[in-house]
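All remarks here apply to the structure that follows.
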There are 2 protein chains.
Amino acid sequence: MSRHRSRNRERIAATAMELIGEHGLAHVTMSSLAERAGVSRATLYHYFPDLDHVLLAWVELQVDRFVSRVAQLAGEEPDPRARLALIIAQLTDYFASRDHRLGLEQLGTLAVAPVTARAVAERMSPLMELVSDCLRTGQRMGQFRAELDPEVHASLILGLLGAMRPHLVSGRYAPGAAARAVSSLVLDGVTRR
Amino acid sequence: MSRHRSRNRERIAATAMELIGEHGLAHVTMSSLAERAGVSRATLYHYFPDLDHVLLAWVELQVDRFVSRVAQLAGEEPDPRARLALIIAQLTDYFASRDHRLGLEQLGTLAVAPVTARAVAERMSPLMELVSDCLRTGQRMGQFRAELDPEVHASLILGLLGAMRPHLVSGRYAPGAAARAVSSLVLDGVTRR
DNA sequence: ATGCACTATAGACACTCTGTATACTTTATG
DNA sequence: CATAAAGTATACAGAGTGTCTATAGTGCAT
């Protein structure tokens, strides 16, 4: 895919989010989007087959950016305990960020359309891997309880963070405090007695 | 609202779910719904202003039913620890049930439209109350850690259960095992040291 | 039973959006 | 500069929306 093309896709997707912010999802159409993006409707259809895929492109971009940043940071932390805490802190920070509030939050609970929801879940899977890796390493090193299923526990941890999200988005809970609360709950839960 | 009317609303909402099951959300329209429900389009518009509200009605019905059953059961269990475990078990059972798989699951992550998502969250709030009541009572009785925020922890617990949902729906995890895993994590987390 | 209020219905209306196709123009680049 | 690729204007048929009007059925109290 040419640089020009992918740049245009980004710009169009961003414009779609602007429109959603202004008029709500229901009132955003391929037609209004084409007009706002300063592009003909025909051109827009060259870029995306329908509105779902526009939103999808936007979400994928955001998620990928976030996930790769976290993956890089996590790669620099060898201790599984600390790595887990770091990932948790990154997520709470992100949920409290302006980026998130204006973005993913806009799309309801990340699940505009089933397509989008599935895509987000897939894109998030490296994060899931990161967490379950922590758990596996911790188990191998004897720090964590051996009877845990790392896969299931990884999704529990991410679920816990997802549950914290509304509290962070609303600003009722500071990201640091949230990170501490979740970390302590999780680390207590996985640590070997 | 007359009995006749609310009965019809239920029937129409159920028909909408059938259609979604057969053709997917995107292909269900007010027109196709009217036809399938054996009612004129004009009549349908007398019952619901748009498709979102049809789905909304269905979801509200399901959630209300479930929540009131759990509330009743929980009311009969005085000990906060056991009550918490009971609520957790009810939810894991429900997520593994055929009802759930065919219903809420159908609508993506419960969040078809932002309207619906918000409504579900509101309808779920009695459940949230139930859980935070457990926590408060447990704190008063000295069983649970005093420094927890019952509101926040309640949503963490429900978030945890939400994270367990995909594992239950897919059948990869048995409801009993899930309930035990979540219960132990939660009870360990809240119990006073 | 007659009349009244309520509910349902058929059909038509103007409107918006979709997805696709055609033919024309601009722009990049080998 | 030739030519392929990318963009544009415009038109089209089709589907769905939301509203309205006129008509028909249904239940119920007087």
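So that the names make sense, note that chain A is the first sequence line, chain B the second, and so on, each numbered from 1.
By the neighbour-count criterion of 12 heavy atoms within 6.0 Å, atom CZ of B:R36 is densely surrounded, having more than that number from other residues, nucleotides or ligands. Other residues, nucleotides and ligands place no more than 12 heavy atoms under 6.0 Å from the CD atom of A:E35.
With sequence neighbours left out, A:S32 forms a side-chain hydrogen bond (donor to acceptor under 3.5 Å, both in side chains) with A:T29. B:R136 pairs by the side-chain hydrogen bond (donor to acceptor under 3.5 Å, both in side chains) definition with B:S132, B:D133, B:E151, not counting sequence neighbours. B:S125 is linked by a side-chain hydrogen bond (donor to acceptor under 3.5 Å, both in side chains) to nothing, counting only residues two or more places apart in sequence or in another chain.
Using a 4.0 Å cut-off, no side-chain N or O of A:N8 falls inside it from OP1 or OP2 of D:dA6. Using a 4.0 Å cut-off, no side-chain N or O of A:S40 falls inside it from OP1 or OP2 of D:dG7.
Spacing between atom CD of A:E35 and atom P of D:dT8 amounts to 14 Å, rounded to whole angstrom units. One can place OH of B:Y47 at 15 Å from P of C:dC6, the figure rounded to the nearest angstrom. Separating the NE2 atom of B:H46 from the P atom of D:dC20 is a distance of 11 Å, rounded to the nearest angstrom. Taking atom CG of B:L44 as the reference point, atom P of C:dT7 lies 16 Å away to the nearest angstrom. As a whole-Å value, the separation of A:R11 CZ from D:dG7 P is 10 Å. Put simply, CD1 on A:I12 is 14 Å from P on D:dA6, counting in whole angstrom units.
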Please tabulate, one pair per line, each protein N/O and nucleotide N/O from nucleotides 16-23 of chain C that are separated by under 3.5 Å, including the distance.
residue, atom, partner, partner atom, Å
C:dT18, OP1, A:M30, N, 3.2
C:dT18, OP2, A:M30, N, 3.4
C:dT18, OP2, A:S31, N, 3.3
C:dT18, OP2, A:S31, OG, 3.2
C:dG19, OP2, A:Y45, OH, 3.3
C:dG19, N7, A:R41, NH1, 3.3
C:dG19, O6, A:R41, NH2, 2.8

Could you go through nucleotides 25-27 of chain C and list every protein N or O atom that sits under 3.5 Å from one of its N or O atoms, giving the distance for each pair?
none

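The closest donor-acceptor contact from the side chain of B:R11 to the backbone of B:A37 lies under 3.5 Å.
One finds a salt bridge joining A:E10 and A:R65 here, because a Lys/Arg side-chain nitrogen approaches an Asp/Glu carboxylate oxygen to under 4.0 Å.
Residue-level contact check: B:F48 touches neither bases nor backbone, having no heavy atom under 4.0 Å from any strand.
Judged by the 6.0 Å and 45° rule, A:R192 forms no cation-pi pair with A:F144.
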Show me the side-chain donor-acceptor pairs of residues 81-89 of chain A shorter than 3.5 Å, one per line, residues at least two apart or across chains.
residue, atom, partner, partner atom, Å
A:R81, NH1, A:T191, OG1, 3.1
A:R81, NH2, A:T191, OG1, 3.3
A:R83, NH1, A:E77, O, 3.2
A:R83, NH1, A:P78, O, 3.0

